[in-house]
Amino acid sequence: MTKINSNYQKLQAGYLFPEIGRRVKAFQQENPQADIIRLGIGDVVLPLAPAIISAMKDAVEEMGTLQGFHGYGPEQGYDFLINAIIQNDYAPRGVQLKNNEVFVSDGSKCDSGNIQEIFDTTCKVAVTDPVYPVYVDTNVMAGRTGAYLTSGHYEGMVYLPANKENQFSPPPPQEKLDIVYLCSPNNPTGATLSREALKAWVDYARQNECIILFDAAYEAFISDPEIPHSIYEIEGAKEVAIEFRSFSKTAGFTGLRCAYTVVPENLKGKNNSGESVSINALWNRRHCTKFNGVSYPVQKAAEACYSPEGQAQIQENIQYYMNNAKTIREGLQKLGIEVFGGDNAPYIWLKTPQNAKSWDFFDQLLTQAHIVGTPGSGFGPSGEGYFRLSAFGLKEKVNEAIERIQKKLQL
Ligand SMILES: *Cc1c(COP(=O)(O)O)cnc(C)c1O
């Protein structure tokens, strides 16, 4: 028989969301009357903005004409979209990018998962804990770790605990890393990296010749003007960082699929002979070999996010979710529950009352208030004793959920 990639067998069977599904189903079967409200999922609920739909419709019509037909486009994305990205997302923040530094793709999950393959399998990789599982699992698949340990860590991977004590913003470690994944605003903790914290990481990366993989999928939810939206707002970051951005949460593209990755020309790695190699050239080679571009109508839809109407409509949706976040945050605070995040991110990260285990609190919330959230321990060992609630829900449901928690949860 053909040998498989046995690194896949080190992976923990997708446990978190299947287990949530199992417990909710069991509860629903025993309590068919219960009206369960789900605040556990990291997916948007509001429909796409009219400006986006209109641009996509026009592009579809164009595709049906001889003059307007588009076949394969540039793998890296059309210039109309790349120009819009550079001029709207970066130039106003004082960041100058060249067109060949932006790679349009069908998602940040793929990009943040695929990026590791242009680096050596012996690279020392760090993630924050709790963490978006994609960063960890893709390195496991590539053989960059050893076995899964009872502690909840993979052997050979460096975990940087993010907790209350460090404001969920772990500082750079003493040891030398080759690659570090940072996510700000953070999924799941809702924390953001301040300018100082980000500068400490950029300085660390420059001193230690480390590359930062910066996931900014939630940058649009930042309201505090002091918090950087891009790592390139920090001086010198173009020599040490790759940035991932997505239209998924910003503009409701989770079902439409469009994202982009910035790989600056000045970012360098070294080959086996110790010679300096352009990371941009490597990523371009990978992207063109394995990806054939995002469809023309979807790129037109993404471009429409930057029109004045598009911007206004998208901002309205973001504000809607952030009002939900406020409702959740303040509602829980009233009950004396300690909450984090939810001010510059659509996630509320709460300390479980009485220090309950994450899964125990999950069961309590489900049985007493009929609300589904996500146990913090599912995102890593340091998430134990915490719990994630998502602001991606309909306002009426979120309001009702909080009222129910206030009335029914026995604290
Ligand atoms: C939702 C999310 C993304 C975006 O993923 P897409 O594949 O672009 O939909 C990226 N990173 C994190 C941490 C996320 O939660």
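Both counts, for ligands and for their atoms, begin at 1 and track the order of listing. For the single chain, residues carry numbers from 1 onward in sequence order.
For S108, heavy-atom contacts with ligand 1 shorter than 4.0 Å involve the backbone as well as the side chain.
With a 4.5 Å cut-off on side-chain heavy atoms, M322 and K326 do not count as touching.
Close approach of ligand 1 to K109 is summarised as follows: ligand atoms under 4.0 Å from at least one heavy atom of the residue are 5 (O), 6 (P), 7 (O). Atoms of ligand 1 found under 4.0 Å from any heavy atom of S248, numbered from 1 in the order shown, are 6 (P), 8 (O), 9 (O). Which parts of ligand 1 touch A217 is read off a 4.0 Å heavy-atom cut-off, strictly below it: atoms 3 (C), 10 (C), 11 (N). Residue G107 approaches ligand 1 through these ligand atoms, each under 4.0 Å from one of its heavy atoms: 7 (O), 8 (O).
Closest to atom 12 (C) of ligand 1 by heavy atom, among T254, D215, V134, is D215.
With respect to atom 14 (C) of ligand 1, the closest heavy atom belonging to the protein is K249 NZ, 3.3 Å.
Using modelled atom types, no side-chain atom of D111 and backbone atom of V104 make a donor-acceptor pair closer than 3.5 Å. Here the side chain of N280 pairs a donor or acceptor atom with the backbone of V263 at under 3.5 angstrom. Using modelled atom types, no side-chain atom of S358 and backbone atom of P375 make a donor-acceptor pair closer than 3.5 Å.
Electrostatic pairing of R245 and E219 counts as a salt bridge here, judged by a charged N lying under 4.0 Å from a carboxylate O.
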- Task: Just do the side-chain hydrogen bond (donor to acceptor under 3.5 Å, both in side chains) check on Y218 and Y347 with the steps written out, would you?
- Result: CA-CA 10 Å; Y218 295 96; Y347 296 116; 2.8 Å; yes

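Residue contacts with ligand 1 include Y218, since one of its heavy atoms falls under 4.0 Å from the ligand.
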